[in-house]
Number of protein chains: 2
Amino acid sequence: MDGQPAARVTSHDVAAEAGVSQATVARVFSSPEKVALATQEQVREAAARLGYVPNAIARSLKSQRTDVVGAVVPARSEYWQNVLTAFSRRLAEQGKQLLLFSFVDADHVESALDSVEQYRLDGLVLASSTIRLEHLVRMQRPNPRVVAFNQPAASGLLPLVTVDNEAGARDLAEHIVARGARTAAFVGTVATASTDQIRYRGAAAALADHQIACPYLEAGAFNYDAGYKAAARILDGDGHPDAVMGGSDELALGLIDGLRTGGLDVPGDVLVTGFDGLPQASWAGYDLTTLVQPIEVLVDETLAILFDSAAAVANIERIVPGTLREGKTTRRDRG
Amino acid sequence: MDGQPAARVTSHDVAAEAGVSQATVARVFSSPEKVALATQEQVREAAARLGYVPNAIARSLKSQRTDVVGAVVPARSEYWQNVLTAFSRRLAEQGKQLLLFSFVDADHVESALDSVEQYRLDGLVLASSTIRLEHLVRMQRPNPRVVAFNQPAASGLLPLVTVDNEAGARDLAEHIVARGARTAAFVGTVATASTDQIRYRGAAAALADHQIACPYLEAGAFNYDAGYKAAARILDGDGHPDAVMGGSDELALGLIDGLRTGGLDVPGDVLVTGFDGLPQASWAGYDLTTLVQPIEVLVDETLAILFDSAAAVANIERIVPGTLREGKTTRRDRG
DNA sequence: TGACAGGCTGCATACGTAGTCATAGAGTGC
DNA sequence: GCACTCTATGACTACGTATGCAGCCTGTCA
């Protein structure tokens, strides 16, 4: 009736209340099929009366599993926030929890990895294209499993799940060529990011097939502002390319606004593409042509690698194709 | 040299290796001032040799604290994702972790609360304006502490940290009046959300001071799409208001695009305001006038209530003022 | 040299649960 | 009616750490 008891109620207390042993109480909550129905009811009633809640800490210590998955993700990124949400939802459906390690710079990764080990997590999702190789190597271990998410650099070092960055970039490049681009530029986020390198490689290769050169311009960060500023550099040069490919959606949105602020019309003067398929890319003010990552699929694949003991973990690589979404940033209505 | 040992290394193993007792090893890692320097070094070397990592699960079981804080937040919301990032960062600085409970609908909240109890978290941040009162009541307990974040409905039930929604809305309303609005409308997110109600109340009151009526229109959701669709309803009526106040930034951005798609100029024909101060609101394509929430301050206040034992928890309410940020959605350059 | 203080360390135990093993009882077949 | 199987339950212990208590050793002072 009134508030919580001062001390935490344990399975022993419930056992005493129900007139059974602690072991039986434990079984009711972890493997009820082993307990007679009548006894179960008795125990559950006693538990309800005392307000008993099983202690996950003690369970974890005994069972050697925490039902918690860690995720190491960069702090300020639209894309990762979407990924995180997807992970959290799926895990909740399986009765598992998500422990978040958000980091600002690479140094934080180090301490996050320490915590991961201390907390004996059931698995870890390593999500960031800028984690250094030495960190990746350190994470090589069979237990708990570590999966690299959208981080091609981990190839061969860790099990890896990623969208097909190269094919996606190629598709986007072919698309702008089909839309009439004869000159182009690729504005990357951070040159050391492995996703960036692969996307550029795919785009440049496809454009080369059409004898179109594709200079690389580094924005220096992953966010909108970096794109906005990079646009100014494009406008500085004499003449501008027919098309600008952004290394990510967030960057591309900044590019669009930067180019428009500079007096260019998108898509009238310049075509723009992104990469990721963020919700914002679909906003009417932008309607960006982009490569949509199948986040749900990527997340499911990742969790499958983490938990399906069947999966031979060795050097799994799941490369999932994305989908080109055509928006009006590459639609020239002049024909 | 080679991989990890098959079995987990424990403090007992380290003790054997270093030729001391397990107790001494434990002390080296939890209260080193009680151990002679020479012994410490010896133990640390042994630990390093074996690759020992303290087990946080066992420590939590013994010490009755987990150093983990839970956060219950809605899954798909730009605003909450920003808040989450801020929490994660601050906690990491204090050596604590964030356990994420992302929920889609109110039913998920129920199960999240169960998990919170099981995991014996050190604290819980309850962040969502749509958590039902019955859930809030259930969370009333001194230990672990639960703090309601930006959820005015919790007033009197739980310690509460929130931006001053009413004053903020009033400021925005005064602002649009100063910019010449003579008619207005408030487009709310979800009518049952307590933040929504208070923001509307503040706006309506301020407008009433100027003999301006302020009809309430419910968008039905918190996101961009809801705002985009609500714009159509505004356009349907004969004539449109001078100004539209959005219940949140995300909604307001949808409103802007919806209004523009409908042929209106923002701010030429309609002024638009938001609420929250999202990064996207500052994007050049929108440059939305909004009320910026001091997220860092709110987060710090929340953690202070959670952890400063000094704080008398009873019915704390921290109502922090926001800052009006004037963008070009309320700037009429025609004077 | 003896008494005593103080700093280190080891012993033993508790945290709350899960799972192993043993046992009691009920049911089955001959 | 006996041997057997099978189910339900209890006693006990381990998971890995933190900590109170006691004991040891060294150093100091009279």
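Just so it is clear: chains get the letters A, B, ... in the order the sequence lines come, proteins before strands, and each one is counted from 1.
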Checklist entry - Judged by atom type as modelled, is there a donor-acceptor pair below 3.5 Å linking the side chain of B/Gln118 to the main-chain atoms of A/Ala56? => result no
What integer distance in Å separates [X]:[atom1] from [N]:[atom2]?
X: A/Arg27; N: D/dT9; atom1: CZ; atom2: P; answer: 8 Å
X: B/Lys34; N: D/dT17; atom1: NZ; atom2: P; answer: 17 Å
X: B/Asp13; N: D/dG16; atom1: CG; atom2: C1'; answer: 10 Å
X: B/Arg8; N: D/dC15; atom1: CZ; atom2: C1'; answer: 14 Å
X: A/Gln40; N: D/dT7; atom1: CD; atom2: C1'; answer: 14 Å
X: B/Arg59; N: D/dT17; atom1: CZ; atom2: P; answer: 9 Å

Next on the checklist: Testing the basics here: between B/Ser60 and A/Ile57, what is the closest heavy-atom pair and its distance to 0.1 Å?
Outcome noted: CB-CG2, 3.8 Å
What nucleic acid atoms does [X] come within less than 4.0 Å of, heavy atoms only: base, sugar-phosphate, or nothing?
X: B/Ser63; answer: nothing
X: A/Gln22; answer: base
X: B/Ala36; answer: sugar-phosphate
X: A/Val25; answer: nothing

Item to check | Boundaries of the DNA chain C segment in contact with chain B, non-hydrogen, under 4.0 Å | outcome: C/dC8 to C/dG16
Checklist outcome for this item: Walking DNA chain D from its 5' end, the first of B/His12 and A/Gly19 to be reached, judged by nearest nucleotide, is A/Gly19
Item to check | Basic-acidic side-chain contact under 4.0 Å: B/Arg8, A/Glu117 | outcome: no
Item to check | Electrostatic pair B/Glu41-B/Arg44, nearest N-O below 4.0 angstrom | outcome: no
Checklist entry - For D/dG10, does OP1 or OP2 lie under 4.0 Å from any side-chain N or O of A/Ser21? => result yes
Checklist entry - Taking for each residue the nucleotide of DNA chain C bearing the nearest heavy atom, is the 5' side occupied by B/Thr24 or by A/Ser31? => result B/Thr24
Item to check | N/O donor-acceptor pair, side chain A/Arg120 with base D/dG16, under 3.5 angstrom | outcome: no
Item to check | Cationic tip of B/Lys96 above B/Phe87 ring, under 6.0 Å, 45° of axis | outcome: no
Item to check | Residues, nucleotides or ligands: over 12 heavy atoms within 6.0 Å of A/Arg318 CZ | outcome: no
Checklist entry - Do A/Leu124 and A/Val72 touch side chain to side chain, with heavy atoms closer than 4.5 Å? => result yes
Item to check | Among D/dA18, D/dG16, D/dC12, the one nearest A/Gln64 by side-chain distance | outcome: D/dG16
Item to check | Proximal nucleotide (of D/dA14, D/dA8, D/dT19) relative to the A/Lys62 side chain | outcome: D/dA14
